[in-house]
Amino acid sequence: MTQEQLGKLIGVQKSQISKIENSLTDARFETILKVFKALNAKINFNIELLDQTVHIA
C-alpha cells in the first residue's frame, strides 16, 4: 500500500504518512488507531501505571 493510499484511507495527506514513517513527527494516538483499523490489524496494549498493569484489547 502506498503512502497516498493509506493517507486516503485514514484521512490525512501523503506527506503526513511520510513524516510519521521517517520519524519526523509524532503520530497522534487517534491517527495510529486509524492506521491499524485501515490495515485490519489486531492490536493489544499493555500499559503500566503506578505499580498497576492495565490490559486493553
Side-chain angles (χ1 to χ4, degrees):
M1 175 178 301
T2 67
Q3 292 175 343
E4 186 172 359
Q5 290 169 328
L6 180 57
K8 285 181 181 180
L9 280 175
I10 67 169
V12 300
Q13 298 292 318
K14 174 187 176 232
S15 61
Q16 182 68 14
I17 300 297
S18 177
K19 288 176 185 177
I20 293 168
E21 284 185 355
N22 292 296
S23 300
L24 299 176
T25 189
D26 293 326
R28 293 178 47 181
F29 190 68
E30 179 182 341
T31 303
I32 293 168
L33 291 177
K34 286 179 181 180
V35 169
F36 288 143
K37 187 173 181 179
L39 298 176
N40 199 28
K42 180 179 178 181
I43 56 172
N44 293 298
F45 295 97
N46 290 320
I47 303 168
E48 289 189 33
L49 301 171
L50 304 174
D51 299 324
Q52 298 175 7
T53 302
V54 178
H55 300 281
I56 304 171

So among Ile32, Leu33, Leu39, Thr31, which one has a side chain to side chain contact (heavy atoms under 4.5 Å, CB included) with Ile10?
Thr31
Applying side-chain contact (heavy atoms from CB on, under 4.5 Å) to Met1 and Leu9, what does each step give before you reach the verdict?
CA-CA 11 Å; Met1 175 178 301; Leu9 280 175; 3.7 Å; yes
Rounded to the nearest 0.5 Å, how far apart are CD of Gln3 and CD of Gln16?
11.0 Å
Is Lys34 atom NZ crowded by more than 12 heavy atoms from other residues, nucleotides or ligands, each under 6.0 Å away?
yes
Does Phe36 belong to the same Ile/Leu/Val/Met/Phe/Trp/Tyr cluster as Phe29, with side-chain heavy atoms less than 4.5 Å apart forming each link?
yes
Rounded to the nearest 0.5 Å, how far apart are CD1 of Ile20 and CZ of Arg28?
10.5 Å
I need the Ile17 CD1 to Glu4 CD distance, nearest 0.5 Å.
11.0 Å
Within a reach of under 6.0 Å around CG of Asn22, are more than 12 heavy atoms found that belong to other residues, nucleotides or ligands?
yes
Do other residues, nucleotides or ligands put more than 12 heavy atoms under 6.0 Å from Gln13 CD?
no
